[in-house]
Structure formats: C-alpha cells, structure tokens
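The next block holds one structure in the form of structure tokens; read it before the comments.
Just so it is clear, the structure is predicted and the values come from calculations on it, not from any experiment.
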Amino acid sequence: MIANMDSRQERVRILKEEIVASAQRRVTQNTTDFSAREKNLLFNDFEYNVGKIHLESTPEGVGLGAHYNCNAQCVFCLGGKPKIFTLQRYKEFFEPRLGRLLSRARYANFCGFGELLLLPEVEDFLDYVNHSIPEVNKIYTTNGTPLLNKGVFDRVTQSKVALEVSLHASSAQLHKVLTRLNIFNEITLKIKQLVSARKNSTAPYLVLVFLANTLNIEDLPNFIKLAASLGVDEVACNYMNIFHYSQIKLSCFFKQEITVSAFKKAQQVAHKLKMPLRLPPYFGQQPLQNLPRICSDPWKYFYVENEGSVLPCCFAGDHVGYLGEVDFETIWNGFHYRNLRKSLINDVPGEWCKYCYKYRSENVNDIRAHINFKPGFRDKILKGIKL
C-alpha cells in the first residue's frame, strides 16, 4: 500500500512539474508582444498550475449577481426576491471596485437570478458594457424571451458576447411544463435568426442549457438534435440543484440508471451530429487515478452579489467577504481565499468543497452534492429524504 502511494505521489509530482514548465514557457515567451490583459491571463494560468496561495494575478472570470425580475416560473428555481441590478448600480458600485479586474478578465458573467435582459434600460446597459469592456467576453444567462426585443437582438451581435439560453426541453409542451412559459417556438425561431445574423461575426456564441431533472432527462438526446438543427455552438447540461423540499423528487439522483442511459445516448447523438456537449459526471463515477483534482474557481473566478457579498463559487454555502466594506485585494488574498486554496492543494477540503463533484467527480454519487450548500440547509433537506 505504501509503495503504491509513493508511486502515485511521484507520478503526480512529475505531472505537476510538466505543467509548471509549460506554464513558465507561456508566461516568458514573447510577452513583450502581449497586452496587460493577455499577460494577466497567462500569469493567472501559471499561478493556478503551480498552486500558489497568495496570487499576484487577477482572475480570468468575474461574476456579477445581476438579478432582475423573471417572467418564467421554472420548477427548479431558487425563487426569492434579491436586490435588483441596474445600470446605475453597475456604474456606481461594480465598475469603481472591479474595473481593473473586468478589463483584464477573459469573461464577465452576468449570472444573477431572474432575467437580466428584461431590465428596462437593457439597451443602454448593453451599449455601455459593449463599449467599456469590448475585449472581454460578456456572458448572459437568459430564458430566451428577451431575444424578441429587437434592441437586445441587435446588441448581442455587436461585441464579444455569449448567450446561455436556458431552454431545458426539445418541445413546446415539455418546455411549458418546466418553465410555465408558452413561447417555445418564438424563442427557437429567434435563436435560428441569431445564427443567420452572425454570418460575418462570431457574436453571439450560443449555448443551449439543459438543467437535468426527472421530468426532462429522457429528452436530452432530442435536445441535442434540436441544438444541431438550430445551429448553436454548444449544449451545456448540468444537474438540478435542490433548493426546496418540493424539488427533491425532481433530482436525477433518484433516477440514476435512466440518467446514465440518457447521457450515453446524448453523447452518441452529439458525436454523430458534431455538436459539442458538456455533461456533468456520470452516476457510478469511480475515483480518477494518478491525477491531482483541484477545482480552479478559487484561483480563476470571483463572484460578487448585487449587495456586495462575495462567494468563491456558485455553489458556496456562505460569504467570504463584502466588497462594499473592503477592497478586492483584501478579499482575494485574505484569510478565506488563502485557506480555501491551501485546503484544496492539501486535499483536505472544507464542508463546501468536500461533497462537490467539481472537486471530486465521484461525489456525484452522494446526495449531498445535489443539495444547496447554504449553512444548515442541507441537513434539513436530508431529514426529508429516505435513501
């Protein structure tokens, strides 16, 4: 056993040295021709690969809790009424505090709850960010209904933009069951028109999102066919997160064999149609051998809620700082972030990461990986589950 462990550690050490050497070459080679943004992104890759605890680079991804009222009532939604995002809030709060980060990031993810692109001043907002951070890829998560607004439709083609369209179904009937919207055909028509409108442009990059649950999982192969027929760039599938007792029965955790079968069929269809497909780990996933498994978010992502509270990832159970009270650097290299990075490197994760399948893919086999990580919430939900 000891010999096997020593052998594994040696292979991991060699792999890490190879990664470090590669990253160092990327950082030092021809950097005089790179912009400050490109240098930062290369250095961020390097610091992640070598496992630095205190970072000099800023993250490649910045997430903003850009919340706005939604016109859908999805069965898997968190719900609630968070503080509403506005263009004024962006200018007065986010931009002064995160402007340097945004200008050096690879992407900015406007990923709040609800439907940001229904913002009353959405055209002004899109014009502003298109002009202020033109080189940064701007990611918007949408249910697709704002694409019926010509102002939105036109502006998402005018800069580096990625649209993650949460469609979840290949038919109008199932889409209505999941979202309570009766506008599936209009949304898919607009997606097809967006594809046609970008003949001389790469914007927007189009992703169809499929949040897997017991109501739609067997529809996934047909969803891939729909994506191919529309001409989008990619399909992204992930598991539904349990936020309420009523959602327990919707989790694919309770339909594991059907889920794995649907994933395999979807992969076959995607391969045949040459449609890029992102899937979460399969149920029954076994531990990966001889490879370090470290989630990149504590090195490469920074998420700020509209209220100013900071979360190290979208699944985190609690805040690690408040941007309105201290600056980015104090949080980014403060106690919580340094402790989080160190715990992952040393393979002793805290409660948030311990059961997350982004940390270890085999965690998908644990029901705790499918429940919201808010403090105390998971234990309450577990009491209502009979395994």
Side-chain angles (χ1 to χ4, degrees), residues 63-85 109-116 118 140-143 164-169 174-181 209-217 220 236-256 259 280-281 283 295 297 301 303-307 309-320 350-359 363-387:
L64 304 182
H67 313 307
Y68 194 70
N69 299 321
C70 192
N71 57 344
Q73 295 178 340
C74 296
V75 296
F76 35 69
C77 183
L78 167 64
K81 293 186 177 180
K83 184 177 179 181
I84 297 301
F85 180 88
N109 194 356
F110 297 90
C111 57
F113 298 113
E115 187 56 59
L116 172 65
L118 290 179
Y140 303 106
T141 301
T142 175
N143 61 33
E164 297 183 340
V165 185
S166 300
L167 206 57
H168 312 303
L174 181 55
H175 182 259
K176 186 176 181 180
V177 169
L178 295 171
T179 67
R180 305 296 191 266
L181 292 171
V209 176
F210 187 95
L211 200 59
N213 58 81
T214 57
L215 296 176
N216 70 352
I217 185 59
L220 181 57
C237 172
N238 215 331
Y239 294 115
M240 184 202 80
N241 202 240
I242 298 172
F243 294 108
H244 305 287
Y245 285 104
S246 61
Q247 296 171 342
I248 294 174
K249 61 184 179 182
L250 296 176
S251 175
C252 285
F253 184 83
F254 300 102
K255 276 193 176 182
Q256 295 189 14
T259 299
F283 290 109
C295 174
D297 280 359
Y301 188 63
Y303 177 79
V304 187
E305 282 283 9
N306 198 32
E307 296 87 348
S309 50
V310 176
L311 295 170
C313 78
C314 296
F315 299 106
D318 206 354
H319 306 139
V320 295
E351 285 300 306
W352 298 346
C353 305
K354 186 176 181 180
Y355 300 108
C356 181
Y357 54 75
K358 284 189 67 177
Y359 168 63
N363 281 343
V364 70
N365 303 314
D366 191 316
I367 183 60
R368 288 170 289 192
H370 301 267
I371 303 174
N372 185 262
F373 285 8
K374 287 186 177 180
F377 178 80
R378 190 167 54 199
D379 292 336
K380 291 180 182 179
I381 289 290
L382 285 171
K383 291 178 181 179
I385 297 177
K386 295 181 180 180
L387 299 176

Next on the checklist: Please check: side-chain N/O of His319 versus main-chain N/O of Leu311, any donor-acceptor pairing under 3.5 Å?
Outcome noted: no
Item to check | Atom pair CZ (Phe76) and OG (Ser251), whose distance is rounded to the nearest 0.5 Å | outcome: 13.0 Å
Checklist entry - Does the Asn372 side chain pair with the main chain of Phe243, one donor and one acceptor, at a distance under 3.5 Å? => result no
Item to check | Asn363 side-chain N/O to Lys354 backbone N/O, donor-acceptor pair under 3.5 Å | outcome: yes
Checklist entry - Parallel, tilted or perpendicular: which fits the ring planes of Tyr239 and His370, with parallel below 30° and perpendicular above 60°? => result perpendicular
Checklist outcome for this item: Between Tyr357 and Pro281, the two heavy atoms sitting closest are CD1-CD, 3.7 Å
Checklist entry - Any donor-acceptor pair under 3.5 Å linking the side chain of Asp366 with the backbone of Tyr355? => result no
Next on the checklist: Under a 3.5 Å distance rule, please check whether Glu115 uses its side chain to pair with a backbone N or O of Asn143 as donor and acceptor.
Outcome noted: yes
Checklist entry - For atom CD of Gln73, is the number of surrounding heavy atoms from other residues, nucleotides or ligands below 6.0 Å larger than 12? => result no
Checklist entry - Checking Thr141 side chain against Phe110 main chain: does a donor-acceptor pair fall under 3.5 Å? => result no
Checklist outcome for this item: So OG of Ser166 and CZ of Phe210: to nearest 0.5 Å the spacing works out to 12.0 Å
Checklist entry - Looking only at heavy atoms, what is the nearest atom pair of Glu305 and His67, with distance? => result OE1-NE2, 2.6 Å
Checklist entry - Do Asp297 side-chain atoms and Cys313 backbone N/O form a donor-acceptor pair below 3.5 Å? => result no
Next on the checklist: Working to the nearest 0.5 angstrom, can you tell me the gap between Leu215 CG and Lys249 NZ?
Outcome noted: 8.5 Å
Next on the checklist: As a quick check of understanding, evaluate side chain to side chain contact (heavy atoms under 4.5 Å, CB included) for Leu118 and Asn71, giving each step before the final call.
Outcome noted: CA-CA 9 Å; Leu118 290 179; Asn71 57 344; 3.7 Å; yes
Checklist entry - Could you state the interatomic distance from CZ (Phe85) to CZ (Phe113), rounded to the nearest 0.5 Å? => result 15.0 Å
Checklist entry - Has the side chain of His168 got a donor or acceptor atom that lies under 3.5 Å from a matching backbone atom of Leu211? => result yes
Next on the checklist: Can you give me the closest heavy-atom contact between Cys111 and Tyr303, atom names plus distance?
Outcome noted: SG-CE1, 3.5 Å
Checklist entry - For Gly114 and Cys70, which heavy atoms make the closest approach, and how far apart are they? => result CA-CB, 3.6 Å
Checklist outcome for this item: In this structure, CD of Gln247 is separated from SG of Cys74 (nearest 0.5 Å) by 10.5 Å
Next on the checklist: If I compare all heavy atoms of Val177 with all of Val75, which pair ends up nearest, and what's the gap?
Outcome noted: O-CG1, 3.6 Å
Checklist entry - For Lys255, does its backbone N or O pair with a side-chain atom of Thr259 as donor and acceptor, under 3.5 Å? => result yes
Item to check | Intermediate values then yes/no, side chain to side chain contact (heavy atoms under 4.5 Å, CB included), Phe253 and Ile248 | outcome: CA-CA 9 Å; Phe253 184 83; Ile248 294 174; over 6 Å; no
Next on the checklist: Going by the rule ring pair (Phe, Tyr, Trp, His ring centres under 6.0 Å), which residues pair with Tyr68 if we only count those two or more places apart in sequence or in a different chain?
Outcome noted: none
Item to check | Closest approach of Cys237 to Pro280 (non-hydrogen atoms, all atoms of both residues) | outcome: O-CD, 3.1 Å
Next on the checklist: What verdict does the side chain to side chain contact (heavy atoms under 4.5 Å, CB included) test give for Leu116 and Thr142, after you've listed the backbone C-alpha separation in whole Å, the side-chain angles of each residue and the deciding distance to 0.1 Å?
Outcome noted: CA-CA 7 Å; Leu116 172 65; Thr142 175; over 6 Å; no
Checklist entry - Roughly how far apart are Thr179 OG1 and Leu167 CG, rounded to 0.5 Å? => result 8.5 Å
Item to check | From CA spacing to verdict: side chain to side chain contact (heavy atoms under 4.5 Å, CB included), Asn216, Leu220 | outcome: CA-CA 7 Å; Asn216 70 352; Leu220 181 57; over 6 Å; no
